[in-house]
A.B. asks: 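Provided herewith is a single structure, encoded as structure tokens, for subsequent inquiry.
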Amino acid sequence: MPQPIVVFDLDGTLVDTAPDLLDSLNHCLEAKDMEKIDPVALRRYVGHGGRVMIERAFEAQQKHLSPEELDRLVDIFIEHYGMHMPGRSALYEGAEQAMEQLAEAGYLLAVCTNKFEGLSVKLLDGLGQTSRFGAICGGDSFSFRKPDPRHLIETIRKAGGDPERAVMIGDSRTDIDTAKAAGIPVVAVDFGYSDLPVSAYDPSRIISHFRELKVELANELIGSVDA
């Protein structure tokens, strides 16, 4: 029987990257002499990548943004973000212990994120975590990305896992829709960057802390697929 696998989303699931994403967004806004985004309003902007963050900031301040200027600002965002990585980003409390327990129980681990692969690897490397994962696949790793289920399925295969013995961990509708489309159980964290409460998207389970991500839960979810 193949090893089971747990696949993590990255931003808002495994790592709290919000402070650094906000810094890079504000760097872009400063370049346009616009008001900075208050950290209190952060959740209105994070969760869908730099491009969407910039678009939302311009909409909130009722500023026109041409496609060409958006592309330029995205480049500025990515350059700033990459240069300051890992910055203030940190694993969520309990994440490291949960991954260690899963690995000790024979689980493979992988990351499936819409963040660029290079930035994802650099972030995890800066946090000393890359060696844990059999695969780290970003939004540019394949010709498709979440919510296309192939992104998750191919990440699992690249890590040496079997989609029939997999669990996805995510924080957004995109993650939940991706897993459902792939026929894979999904655990949603309720502390991430979702626009709405994750319960609205009907994941298989919801957790509020990584101490709840136990081997028994992963076994149960995979068992429910095998049954």
A.B. asks: Between Leu73 and Phe58, is the side-chain contact (heavy atoms from CB on, under 4.5 Å) condition met? List the steps.
C.D. replies: CA-CA 11 Å; Leu73 289 174; Phe58 270 72; 3.7 Å; yes
A.B. asks: How about Gln129 and Val15: do any of their side-chain heavy atoms sit closer than 4.5 Å?
C.D. replies: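 No, too far: nothing below the 4.5 Å cut-off.
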A.B. asks: If you look at every heavy atom in Ala166 and Ile184, which pair is closest and at what distance?
C.D. replies: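 Scanning both residues completely, I find the closest heavy atoms to be O-CG2, 3.4 Å.
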A.B. asks: Measuring from atom CG of Leu124 to atom CZ of Phe133, what distance do you get when rounded to the nearest 0.5 angstrom?
C.D. replies: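 So the CG of Leu124 and the CZ of Phe133 are separated by 5.5 Å.
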A.B. asks: Any carboxylate oxygen within less than 4.0 angstrom of a Lys/Arg side-chain nitrogen, looking at Arg205 and Glu220?
C.D. replies: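 Yes.
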A.B. asks: Would you say that more than 12 heavy atoms from the other residues, nucleotides or ligands in this model lie under 6.0 Å from the CD of Glu35, or not?
C.D. replies: no
A.B. asks: Any link between Ile153 and Tyr107 through a network of hydrophobic side chains (Ile, Leu, Val, Met, Phe, Trp, Tyr) touching at under 4.5 Å?
C.D. replies: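 Looking at the clustering, Tyr107 is in a separate group from Ile153.
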A.B. asks: Does some side-chain heavy atom of Ile156 sit less than 4.5 Å from a side-chain heavy atom of Asp162?
C.D. replies: no
A.B. asks: Considering non-hydrogen atoms only, spot the tightest contact between Leu14 and Ala95 and give its length.
C.D. replies: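 Minimum heavy-atom contact is CD1-CB, 4.0 Å.
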A.B. asks: Is a donor on one side and an acceptor on the other found under 3.5 Å between the side chain of Glu212 and the backbone of His209?
C.D. replies: yes
A.B. asks: Please report the C-alpha distance between Leu10 and Ile136 in whole Å, then the side-chain angles of each, then the deciding distance to 0.1 Å, and finally whether the side-chain contact (heavy atoms from CB on, under 4.5 Å) criterion is met.
C.D. replies: CA-CA 10 Å; Leu10 190 54; Ile136 300 170; 5.9 Å; no
A.B. asks: In Å, rounded to the nearest 0.5 Å, how long is the span from CZ of Arg157 to CZ of Arg150?
C.D. replies: 11.5 Å
A.B. asks: Is atom CZ of Arg173 surrounded by more than 12 heavy atoms (other residues, nucleotides or ligands) closer than 6.0 Å?
C.D. replies: no
A.B. asks: Using every non-hydrogen atom in the two residues, find where Ala218 and Val6 come nearest and quote the distance to one decimal.
C.D. replies: CB-CG2, 4.5 Å
A.B. asks: Please round to the nearest 0.5 Å and tell me the distance separating atom OG of Ser120 and atom CG of Asp140.
C.D. replies: 8.0 Å
A.B. asks: Tell me every residue that passes salt bridge (charged side-chain N to carboxylate O under 4.0 Å, His left out) with Arg72, counting only those two or more places apart in sequence or in another chain.
C.D. replies: Glu69
A.B. asks: Restricting to non-hydrogen atoms, name the atom on Tyr92 and the atom on Thr13 that form the minimum distance, rounded to 0.1 Å.
C.D. replies: CD1-O, 3.2 Å
A.B. asks: For Thr174 versus Pro147, what's the shortest heavy-atom pair and its separation?
C.D. replies: CG2-N, 3.9 Å
A.B. asks: Side chains of Arg132 and Glu100, heavy atoms from C-beta outward: is any pair under 4.5 Å?
C.D. replies: yes
A.B. asks: Find out if a path of hydrophobic residues (ILVMFWY) with successive side-chain heavy-atom gaps under 4.5 Å connects Phe116 to Phe142.
C.D. replies: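 Different clusters.
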A.B. asks: In plain terms, say whether Asp20 and Lys122 are close enough for a salt bridge, that is, a side-chain N and a carboxylate O under 4.0 Å apart.
C.D. replies: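 No, no charged N to carboxylate O under 4.0 Å.
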A.B. asks: Could you check if a side-chain atom of Leu102 sits within less than 4.5 angstrom of a side-chain atom of Val215, using non-hydrogen atoms only?
C.D. replies: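 In short, these two side chains touch, coming nearer than 4.5 Å.
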A.B. asks: What about Leu196 and Ile176, same hydrophobic cluster or not, with Ile/Leu/Val/Met/Phe/Trp/Tyr joined at side-chain heavy-atom distances under 4.5 Å?
C.D. replies: yes
A.B. asks: Go through the steps for Cys137 and Lys158 under the test side-chain contact (heavy atoms from CB on, under 4.5 Å), then give the verdict.
C.D. replies: CA-CA 9 Å; Cys137 296; Lys158 187 172 181 180; 3.7 Å; yes
A.B. asks: When you look at Gln61 and Ile37, which way does the side-chain contact (heavy atoms from CB on, under 4.5 Å) test go after all the steps?
C.D. replies: CA-CA 10 Å; Gln61 298 187 33; Ile37 302 301; 4.1 Å; yes
A.B. asks: Once salt bridge (charged side-chain N to carboxylate O under 4.0 Å, His left out) is applied, do any residues pair with Lys214, and if so which ones, sequence neighbours excluded?
C.D. replies: none
A.B. asks: Taking Asp71 first and then Arg51, would you say they form a salt bridge - that is, a charged N and a carboxylate O separated by under 4.0 Å?
C.D. replies: yes
A.B. asks: Quick check: do Val189 and Val198 have side-chain heavy atoms less than 4.5 Å from each other?
C.D. replies: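 Counting from C-beta outward, Val189 and Val198 never come under 4.5 Å.
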A.B. asks: Do Lys63 and Lys32 touch side chain to side chain, with heavy atoms closer than 4.5 Å?
C.D. replies: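 The answer is no, as the side chains (C-beta and beyond) never meet within the 4.5 Å cut-off.
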A.B. asks: Working to the nearest 0.5 Å, report the span between CG of Leu29 and OG of Ser24.
C.D. replies: 11.0 Å
A.B. asks: Quick check for you: to the nearest 0.5 Å, what is the distance between Lys36 atom NZ and Leu22 atom CG?
C.D. replies: 9.0 Å
A.B. asks: To check you understand the geometry: which heavy-atom pair defines the closest contact between Leu152 and Ala179, and what is its length?
C.D. replies: CD2-CA, 3.8 Å
A.B. asks: If you draw a 6.0 Å radius around CD in Glu79, do more than 12 non-hydrogen atoms from other residues or ligands fall strictly inside?
C.D. replies: no
A.B. asks: Here's a test for you: under side-chain hydrogen bond (donor to acceptor under 3.5 Å, both in side chains), which of Thr17, Asp23, Asp16 qualifies with Arg88?
C.D. replies: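 Output: one option passes, namely Asp23.
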A.B. asks: So Thr178 and Asp175, side chain to side chain donor-acceptor pair (under 3.5 Å) or not? Walk me through it.
C.D. replies: CA-CA 5 Å; Thr178 301; Asp175 298 320; 5.6 Å; no
A.B. asks: Is Tyr81 reachable from Leu70 through a run of hydrophobic residues whose side-chain heavy atoms are each under 4.5 Å from the next?
C.D. replies: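 In one cluster with Leu70: Tyr81, yes.
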A.B. asks: Measure from the side-chain N and O atoms of His151 to the backbone N and O of Gly138, and report whether any donor-acceptor pair falls under 3.5 Å.
C.D. replies: yes
A.B. asks: Surrounding CD of Glu93 (heavy atoms of other residues, nucleotides or ligands, distance under 6.0 Å), is the total greater than 12?
C.D. replies: no
A.B. asks: Specify whether Phe210 and Phe8 have parallel, tilted or perpendicular ring planes, treating 30° as the upper limit for parallel and 60° as the lower limit for perpendicular.
C.D. replies: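 Tilted: the ring planes of Phe210 and Phe8 meet at 30° to 60°.
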A.B. asks: Using 0.5 Å steps for rounding, measure from the OG1 atom of Thr155 to the NZ atom of Lys146.
C.D. replies: 8.5 Å
